[in-house]
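One structure is given here, and the rest of the page talks about it.
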Amino acid sequence: MTDPTKRFPDDFGLAWVLLCLAFCAHVADEALTGFLDVYNPTVIAMRGRLSWFPMPTFAYREWLIGLIVAVLVLLALTPFAYRGARWLRPLAYFLAAVMLLNGMGHTLFTVLGQTVSSVRFPRPAPGFYSSPLLLITSIYLFVRLRATRKAGFEWSSFRGGPS
């Protein structure tokens, strides 16, 4: 059982849910600011330079539905994050890293005003407004994962049994 005198519980649930909500806000930000109008031409330009470039292009509907499903799946994992599930930790590290890089990318492209030389856009870049949320919440998830790395409690400790 978690010691009530501790300042933070031995889980990363709050950090997880905050990053998921920041991701949700970011999806809305990108959808409302024309992200695909920059993303798709960037991918096409990158494929022209690097034939192996692995990123796909998207139609608006499939892109938005895919991201909504991703957000919902991640939010559905929240109870496991609150339980400090060990198996979720690698995904949490991966999610935090991807979202940190995503936030940094939108910020960098806002400063540059372009993604590649042939794809310019008026500043700020699409998705920029929610980038600080991604940066803050991904760093917070990293901090919570590090702080709870030895706690490692699972289902049995959540139910009050031995770990």
Side-chain angles (χ1 to χ4, degrees), residues 2 6-43 46 54-116 119-154 158:
T2 305
K6 286 186 179 179
R7 181 163 179 210
F8 295 106
D10 291 335
D11 64 62
F12 52 93
L14 179 61
W16 175 271
V17 77
L18 289 175
L19 183 53
C20 289
L21 293 175
F23 182 30
C24 183
H26 189 64
V27 169
D29 182 8
E30 288 181 337
L32 294 171
T33 58
F35 172 74
L36 287 182
D37 295 337
V38 172
Y39 171 83
N40 283 335
T42 299
V43 169
M46 291 300 293
M55 300 302 290
T57 56
F58 293 103
Y60 182 79
R61 181 179 166 85
E62 69 183 8
W63 169 78
L64 188 58
I65 289 171
L67 287 176
I68 289 170
V69 168
V71 168
L72 292 174
V73 167
L74 292 171
L75 283 170
L77 296 173
T78 298
F80 299 106
Y82 272 105
R83 292 178 183 125
R86 288 182 195 190
W87 60 266
L88 187 57
R89 296 177 70 80
L91 178 60
Y93 275 108
F94 178 76
L95 178 65
V98 167
M99 292 300 139
L100 182 67
L101 292 172
N102 192 351
M104 291 169 58
H106 285 278
T107 304
L108 175 66
F109 296 138
T110 292
V111 170
L112 297 176
Q114 67 183 41
T115 53
V116 293
V119 181
R120 297 181 180 275
F121 47 84
R123 293 181 186 134
F128 170 75
Y129 295 116
S130 58
S131 292
L133 294 174
L134 291 179
L135 296 170
I136 292 165
T137 57
S138 60
I139 290 169
Y140 180 50
L141 182 54
F142 276 128
V143 168
R144 290 304 301 144
L145 287 165
R146 181 164 168 78
T148 61
R149 72 181 183 275
K150 292 183 182 174
F153 67 96
E154 297 277 342
F158 181 74

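Along the sequence shown, the residues carry numbers beginning at 1.
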request  = Please report the C-alpha distance between Asp11 and Thr148 in whole Å, then the side-chain angles of each, then the deciding distance to 0.1 Å, and finally whether the side-chain contact (heavy atoms from CB on, under 4.5 Å) criterion is met.
outcome  = CA-CA 6 Å; Asp11 64 62; Thr148 61; 5.6 Å; no
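- Between Cys24 and Val71, the shortest heavy-atom distance links the atoms CB-CG1, 3.9 Å.
- Arg123 and Val111 make their closest contact through NH2-O, 3.0 Å (heavy atoms, listed as atom of the first residue, atom of the second, distance).
- For Arg120, the side chain to side chain donor-acceptor pair (under 3.5 Å) partners at least two apart in sequence or on another chain are Gln114.
- Thr110 pairs by the side chain to side chain contact (heavy atoms under 4.5 Å, CB included) definition with Pro124, Ala125, Phe128, not counting sequence neighbours.
- Here Ile139 pairs with Leu100, Val143 under the side chain to side chain contact (heavy atoms under 4.5 Å, CB included) rule; sequence neighbours left out.
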inquiry  = As a quick check of understanding, evaluate side-chain contact (heavy atoms from CB on, under 4.5 Å) for Leu101 and Val98, giving each step before the final call.
reply    = CA-CA 5 Å; Leu101 292 172; Val98 167; 5.9 Å; no
ask   = Yes or no on side-chain contact (heavy atoms from CB on, under 4.5 Å) for Leu14 and Arg144, after CA distance, side-chain angles and deciding distance?
value = CA-CA 9 Å; Leu14 179 61; Arg144 290 304 301 144; over 6 Å; no
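- Considering every non-hydrogen atom in both Ala97 and Phe142, the closest pair reads N-CZ, 3.5 Å.
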Run the side-chain donor-acceptor check on residues 54-69: report pairs under 3.5 Å with partners two or more places apart or on a different chain.
from: Glu62; atom 1: OE2; to: Ala59; atom 2: N; distance (Å): 3.0

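- Residues passing the side chain to side chain donor-acceptor pair (under 3.5 Å) test with Thr42, sequence neighbours excluded: Thr115.
- Between Leu74 and Cys20 the shortest heavy-atom distance is CB-SG, 3.6 Å.
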key: Worked check of side-chain contact (heavy atoms from CB on, under 4.5 Å) between Leu135 and Thr107   = CA-CA 10 Å; Leu135 296 170; Thr107 304; 4.2 Å; yes
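- A distance-only check finds a donor-acceptor pair linking the side chain of Arg89 to the backbone of Leu145 [under 3.5 Å].
- Residues Trp16 and Tyr82 place their aromatic rings such that the two centres sit no closer than 6.0 Å.
- With Thr33 contributing its side chain and Gly127 its backbone, the two residues share a donor-acceptor pair below 3.5 Å.
- For residues 127-138, every residue pair satisfying the side-chain hydrogen bond (donor to acceptor under 3.5 Å, both in side chains) rule, not counting sequence neighbours, is listed here: His26-Ser130, Asp29-Ser130.
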